[in-house]
There are 2 protein chains.
Amino acid sequence: MTDSNPNASLTAPSIPGDALPPVEQHAQQYATVRNAHETELIEDYVELIGDLLAHRGEARAADIANRMAVSQATVSKMIRRLNELELVTSKPYRSLFLTEAGQKMAETSRARHDIVLHFLRALGVRDATARIDAEGMEHHVSDETLAIMQRFTEQRQN
Amino acid sequence: MTDSNPNASLTAPSIPGDALPPVEQHAQQYATVRNAHETELIEDYVELIGDLLAHRGEARAADIANRMAVSQATVSKMIRRLNELELVTSKPYRSLFLTEAGQKMAETSRARHDIVLHFLRALGVRDATARIDAEGMEHHVSDETLAIMQRFTEQRQN
DNA sequence: CAATATTGTTAGCCAAGGCTAAACTGTTTG
DNA sequence: CAAACAGTTTAGCCTTGGCTAACAATATTG
Ligand SMILES: [Mn+2]
Ligand SMILES: [Mn+2]
Ligand SMILES: [Mn+2]
Ligand SMILES: [Mn+2]
């Protein structure tokens, strides 16, 4: 469907910047963002569990709660979801582990996260800022942009 | 609070990539993202309403629903929220308008969105991809990074 | 100008992701 | 080895942001 008010050009003030994108393309932008937001928290949990396993040998709910600054109850509920999605295995009161699918997601997320982080640093952003920005940006960066970021970073480093 | 398992170094496998950031810094990353997600949809609505007013002279709920690919009921409910936040004024069955605060937010969001979009294009990302990525990234880019993106874009264009 | 089409609102539903408080389990230690 | 502590789970609450279906108001048009 198209916008209402067909004779808008009569009432619109002077052309302010870029024109609006076509409705379908515009809608796609928002839909893609909504989509990313459905998976991003899952990805962050799985990525963090993978990091804890790699660096600490175990991933406890309490550690996740501390690192995410979230209550233990919130983590516990999320772990149940991760279990249902078959991304982690867990026995009550024991460390978490990643399933095959979980490990794959952790690696992918970690790789993407690192590319964004290193790119921001290569751009000249301070480390602490780069870390904060990367945590949010990573979920909204397409493969195309990711590839460009990676090339950019490599060239700056050589 | 600190992580559990004090003798983790005994069980951890070989150092995989970067170390984990300190707990407080790590927690700050996630907290900042959660914070951005609280305001991001509001910003997109206000930004879109501002764009519709600028380009079309009016902002109707139906247009918003089409452009966001969301039901009219969802838009109607959101407009009530924007009203409560005193970002828009609305009379039933009439176009929306932005309050002073709404206009300010629209301008800020639009400016930030444009900087990210132009930066991505300057990097070499295709326009359609850049638009999609910018829609999500914009809410997770710090002022520091934004300034660096803007400088980068300007230099590529000169 | 009445009928129809479009637009807007309301009600009621749902899932996600937060929280606190309370109960339960496992571990450490006096 | 009992008590205290640390970690985990459960229950119940809340807000946000989606949806559909039904209804209400306005605009268009035969
Ligand atoms: Mn991440
Ligand atoms: Mn993240
Ligand atoms: Mn986001
Ligand atoms: Mn946006």
Side-chain angles (χ1 to χ4, degrees), chain A residues 1-7 23 27 30-46 48-49 52 56 58-85 87-96 136 139, chain B residues 1-7 27 30-46 48-49 52 56 58-85 87-97 136 139:
Chain A
M1 184 163 289
T2 153
D3 287 351
S4 52
N5 190 16
N7 48 3
V23 183
Y30 296 114
T32 303
V33 172
R34 281 196 299 271
N35 225 54
H37 283 166
E38 272 180 25
T39 50
E40 87 175 71
L41 192 56
I42 300 285
E43 290 169 356
D44 281 338
Y45 266 86
V46 168
L48 176 55
I49 291 167
L52 287 169
R56 296 276 200 277
E58 60 175 17
R60 315 293 305 264
D63 295 337
I64 298 172
N66 286 332
R67 293 217 162 246
M68 292 212 168
V70 126
S71 75
Q72 291 196 353
T74 295
V75 172
S76 197
K77 198 199 273 193
M78 194 51 129
I79 289 171
R80 194 164 46 218
R81 257 194 90 200
L82 297 176
N83 248 302
E84 283 160 10
L85 295 170
L87 292 166
V88 309
T89 60
S90 66
K91 296 182 205 164
Y93 300 93
R94 289 282 173 273
S95 171
L96 298 167
H139 312 279
Chain B
M1 185 161 289
T2 154
D3 288 350
S4 53
N5 189 16
N7 47 2
Y30 297 115
T32 303
V33 172
R34 281 194 300 271
N35 225 54
H37 283 168
E38 272 181 26
T39 50
E40 135 173 14
L41 192 56
I42 299 286
E43 289 169 356
D44 280 339
Y45 267 85
V46 168
L48 177 54
I49 291 166
L52 287 170
R56 295 277 200 280
E58 61 175 15
R60 315 293 303 266
D63 296 337
I64 297 173
N66 286 332
R67 294 220 160 242
M68 291 212 170
V70 125
S71 75
Q72 291 195 354
T74 295
V75 173
S76 197
K77 199 199 274 195
M78 194 51 125
I79 289 171
R80 193 165 44 218
R81 257 194 89 199
L82 296 176
N83 247 304
E84 283 159 9
L85 294 171
L87 293 166
V88 309
T89 59
S90 67
K91 295 180 206 168
Y93 299 94
R94 290 283 173 272
S95 171
L96 299 167
F97 292 98
H139 311 278

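This one's a predicted model, so the numbers in the text were calculated from it and none came from an experiment. Letters A, B, ... are given to chains in the order of the sequence lines, protein chains preceding strands, and every chain is numbered from 1.
The shortest side-chain heavy-atom distance between A/E40 and B/H37 falls under the 4.5 Å cut-off. With a 4.5 Å cut-off on side-chain heavy atoms, A/R60 and A/L52 do not count as touching. Between B/H139 and A/V33, every side-chain heavy-atom pair lies at or beyond the 4.5 Å cut-off. Contact of the B/R81 side chain with the B/L87 side chain is not registered, since no non-hydrogen atoms from C-beta on lie closer than 4.5 Å.
Nucleotide D/dG18 holds its P atom 15 Å from the CD atom of B/Q72, rounded to whole Å. Atom CD1 in B/I79 sits about 16 Å away from atom C1' in D/dG18, given to the nearest Å. The OH-P distance, from A/Y30 to D/dG18, rounds to 12 Å in whole Å. When rounded to the nearest whole Å, the span between NZ of A/K91 and C1' of D/dG7 equals 18 Å. Protein atom CG of B/D63 is 14 Å distant from nucleotide atom P of C/dT6, rounded to whole Å. For the pair B/I64 CD1 and D/dG17 P, the computed distance is 15 Å after rounding to whole Å. Taking atom CD1 of residue B/I42 and atom P of nucleotide D/dT16, one finds them 9 Å apart after rounding to whole Å. Computed from coordinates, the A/R60 CZ to C/dT25 P distance equals 16 Å when rounded to whole Å.
Set against C/dT7, D/dT9, D/dT26, the side chain of A/P92 has D/dT9 as its closest nucleotide. The side chain of A/A62 lies closest to D/dG7 when the candidates are D/dT9, D/dG7, C/dT10.
Phosphate proximity of C/dT10 to B/R80: present, with a side-chain N or O under 4.0 Å from OP1 or OP2. The phosphate of C/dG18 (OP1 or OP2) has no side-chain N or O of A/T74 nearer than 4.0 angstrom. One finds no side-chain N or O of A/R34 lying less than 4.0 angstrom from the OP1 or OP2 phosphate oxygen of D/dG17.
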A/M68 and A/V75: side chain to side chain contact (heavy atoms under 4.5 Å, CB included), yes or no, with the steps? CA-CA 9 Å; A/M68 292 212 168; A/V75 172; 5.8 Å; no
Side chain to side chain contact (heavy atoms under 4.5 Å, CB included) between A/Y30 and B/V70, intermediate numbers included: CA-CA 9 Å; A/Y30 296 114; B/V70 125; over 6 Å; no
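Contact detail for B/N66 and A/V23: the closest heavy-atom pair is O-CG1, 3.8 Å.
There is no side-chain donor-acceptor pair under 3.5 Å between B/T89 and B/N83.
Although no hydrogens or angles enter the test, the distance criterion places a donor-acceptor pair under 3.5 Å between the side chain of B/S95 and the main chain of B/A59.
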Please list each protein N or O that sits under 3.5 Å from an N or O in nucleotides 11-16 of chain C, with the distance.
none

Produce the list of close N/O pairs, under 3.5 Å, pairing protein atoms with atoms of nucleotides 22-24 of chain C; give distances to one decimal.
residue, atom, partner, partner atom, Å
C/dC24, O2, A/Y93, OH, 3.3

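Of the two residues near DNA chain C, B/A59 and A/R94, the one whose nearest nucleotide lies more 5' is B/A59.
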